Amino acid sequence: MNFTDTLKSVDLVLSTGEVPLIVGESGIGKTALAKEIAEENNWSLIVINGNLLKEGEIGGLPTIDSYPGVNDKENPVEKKTTVYAVHHKLREIDEEISQGKTVLLFIDEINRCEHTVQQELMNLILNREINGYTLPEGVKICAAMNPSSKYGSDFDYQVVDMDAAQENRFVWLTMEPDYKQWIDWATEAGIEQKVIEFISTFPEYLHKINEDDLRATPRSYERISSSYKIYKKNKASIPRSVFLNVVKGNVGRVIAEEFVSFVESDYSPLVSYEDVFSRNSLPESIRERVKKESHTRLYLSAKNILKRLEANILNHKDDSSFYIDRLIEFLNLYPVDLRIGLMKDIKNSYPEVYKQSIENEAFVELYFASYRLTR
């Protein structure tokens with residue numbers, strides 16, 4: 001499943017009171033998904049990373065406490081008992097619950113920790129209790145893990161597999177990277193435009209297994225974006241070789257060299273908002289560029305254009321008919337499957353554009369004509 005489908009599936013499973021288990025490779029956005037669910041539902045998010053825990057840590061270190069009792073002759077005496085200190089993450093849960101909040105407890109990398117730690121986490125996940133500490137009712141649990149060769153994956157993660165009884169206690173949801181959804185997210189998240197354009201040109205690089213080299217993941221490009229912002233501002237003091245080495249350290253040698261060459265070259269720019277709307281008619285040169293572009297670059301162009309158009313219509317509703325007519329003319333140049341997908345995106349993500357478009361007969365006719373071509 002892609003990010004959006006996984007998010008909706010997790011939300012549904014949580015609403016039933018069950019525990020979803022997100023299975024996906026490192027860096028594809030499992031933690032980001034948990035953050036988005038928490039934000040959408042106005043929950044507090046507490047993250048426990050199993051890979052960082054040591055044996056006995058989550059259960060709390062044992063201490064000695066005294067309590068009044070009686071001996072075998074029923075005389076009052078002071079007795080000793082073992083109690084466990086509460087781990088700081090569990091204390092955070094109590095603090096949020098005490099403020100009347102619902103908590104989403106996200107337990108990541110449950111198969112990348114020591115076996116004893118995994119058993120402790122399983123007790124917390126499945127029994128909602130550990131060493132005398134009980135999770136409050138207002139806590140929802142979501143777990144995540146990396147793929148294992150036990151389930152047919154050919155990845156080389158060092159993992160601790162669960163037994164059949166433990167596996168049966170989760171709702172398993174497999175998450176995979178989707179470059180179109182990553183582009184949508186990256187555009188909103190402020191990822192550098194050149195990084196987004198690079199992925200739109202080479203979508204296969206978003207999640208790439210490089211033999212005998214580093215693996216490229218969506219998280220890699222977040223880091224590259226941050227580095228590129230600094231590099232752009234300080235080219236005079238940061239040598240190209242230094243920047244290249246940093247990119248290599250994120251995605252491996254081959255992709256790094258391609259990326260640096262890409263940002264330095266005069267690679268054909270994306271079709272822009274100005275290209276489409278700045279003239280009285282759609283230029284023939286733009287029509288030719290659309291014919292030669294890849295699906296991914298066309299998708300990114302359309303998303304950038306729609307974002308600008310949404311804001312423009314919001315501020316200049318009196319002129320909207322021109323923009324909608326031109327948008328229809330532009331979309332009509334797109335491959336039919338991509339066109340249908342974008343018209344659905346308009347309905348879901350661009351309310352002002354959709355409000356004006358749905359009143360335009362040509363827009364409605366284009367949609368149904370496109371849909372008929374796919375049947």
Side-chain angles (χ1 to χ4, degrees), residues 1-53 57-60 86-113 117-118 120-146 166 169-178 181-182 184-190 218-219 222 348-349 351:
M1 290 184 288
N2 58 31
F3 183 93
T4 301
D5 289 347
T6 307
L7 186 146
K8 292 178 180 177
S9 300
V10 169
D11 216 7
L12 174 59
V13 174
L14 289 173
S15 68
T16 69
E18 301 296 332
V19 179
L21 175 62
I22 306 171
V23 183
E25 289 196 66
S26 176
I28 68 170
K30 299 188 292 294
T31 305
L33 185 145
K35 289 179 181 177
E36 187 160 334
I37 289 177
E39 289 175 3
E40 287 183 356
N41 291 282
N42 197 28
W43 298 338
S44 297
L45 177 66
I46 305 293
V47 179
I48 294 177
N49 191 321
N51 195 35
L52 301 180
L53 295 174
E57 186 177 350
I58 193 64
V86 175
H87 189 272
H88 71 92
K89 288 289 184 178
L90 303 182
R91 181 177 175 179
E92 286 180 32
I93 291 174
D94 287 344
E95 290 172 350
E96 295 297 318
I97 292 294
S98 68
Q99 297 176 33
K101 298 180 180 179
T102 297
V103 170
L104 176 61
L105 174 59
F106 181 63
I107 302 180
D108 197 9
E109 297 198 324
I110 63 167
N111 66 340
R112 297 266 291 148
C113 52
V117 172
Q118 187 184 77
E120 293 170 346
L121 291 174
M122 287 297 176
N123 205 31
L124 190 62
I125 293 168
L126 304 178
N127 300 323
R128 300 179 66 87
E129 187 274 338
I130 185 167
N131 288 344
Y133 175 88
T134 302
L135 283 175
E137 289 186 5
V139 177
K140 298 177 181 291
I141 304 175
C142 177
M145 74 177 203
N146 296 124
Q166 292 170 333
R169 300 290 293 274
F170 294 97
V171 179
W172 290 58
L173 304 171
T174 301
M175 179 176 168
E176 297 175 344
D178 181 285
Q181 292 192 352
W182 184 86
D184 290 346
W185 169 83
T187 302
E188 296 298 323
R219 186 185 295 154
E222 290 184 60
N348 296 328
S349 305

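Small disclaimer: the values here were computed from a predicted structure and weren't measured.
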Is a side-chain N or O of Glu109 found less than 3.5 angstrom from the main chain of Asn49, in a donor-acceptor match?
no

Give the C-alpha distance, both sets of side-chain angles, the deciding distance and a yes or no for side-chain contact (heavy atoms from CB on, under 4.5 Å) between Thr31 and Phe106.
CA-CA 8 Å; Thr31 305; Phe106 181 63; 3.6 Å; yes

Atom pair CG (Asp108) and CG (Leu121), whose distance is rounded to the nearest 0.5 Å
11.0 Å

Under 3.5 Å donor-acceptor, Lys101 side chain and Glu95 backbone:
no

Could you check whether atom CD of Gln99 has more than 12 heavy atoms from other residues, nucleotides or ligands sitting under 6.0 Å from it?
yes

For the backbone of Pro136 and the side chain of Arg128, can you confirm whether one donor and one acceptor N or O come within less than 3.5 Å of each other?
yes

Is a side-chain donor or acceptor of Lys140 paired with a backbone partner of Val103 at a separation under 3.5 angstrom?
no

Considering non-hydrogen atoms only, spot the tightest contact between Glu120 and Ile130 and give its length.
O-CD1, 3.6 Å

Check whether any side-chain heavy atom of Asp94 lies under 4.5 Å from a side-chain heavy atom of Leu90, and answer yes or no.
no

Can you tell me if Asp11 uses its side chain to pair, donor with acceptor, with the backbone of Ile37 under 3.5 Å?
no

Working to the nearest 0.5 angstrom, can you tell me the gap between Thr174 OG1 and Ile22 CD1?
10.5 Å

Give the minimum heavy-atom separation between Glu25 and Lys30, together with the two atoms involved.
O-NZ, 2.9 Å

Starting from the C-alpha separation in whole Å, work towards a yes-or-no answer on salt bridge (Lys or Arg N to Asp or Glu O under 4.0 Å) for Glu39 and Lys35.
CA-CA 6 Å; Glu39 289 175 3; Lys35 289 179 181 177; over 6 Å; no

Should Leu105 and Ile48 be marked as a side-chain contact (heavy atoms from CB on, under 4.5 Å) after you check the CA-CA gap, both sets of side-chain angles, and the distance that decides it?
CA-CA 8 Å; Leu105 174 59; Ile48 294 177; 3.7 Å; yes

Lys89 side chain to Val47 backbone, donor-acceptor under 3.5 Å:
yes

Glu96 versus Ser44, closest heavy-atom pair with distance:
OE1-OG, 2.7 Å

For the CG atom of Leu53 and the CZ atom of Arg112, what is their distance to the nearest 0.5 Å?
13.5 Å

In this structure, CZ of Phe3 is separated from CG of Asp178 (nearest 0.5 Å) by 11.0 Å

Would you find a donor on one side and an acceptor on the other, under 3.5 Å apart, between the side chain of Asn123 and the backbone of Glu129?
yes

With rounding to the nearest 0.5 angstrom, report the CH2 to OG distance, Trp172 to Ser9.
15.5 Å

With a 3.5 Å distance limit and no angle check, can you tell me whether Gln181 reaches the backbone of Thr4 through a side-chain donor-acceptor pair?
yes

Please identify which of these residues, Ile110, Val13, Val23, meets the side-chain contact (heavy atoms from CB on, under 4.5 Å) condition with Phe170.
Ile110

Could you measure the distance from the SG atom of Cys142 to the CG atom of Leu104? Nearest 0.5 Å is fine.
6.0 Å

Between Ile125 and Ile141, the two heavy atoms sitting closest are O-CD1, 3.7 Å

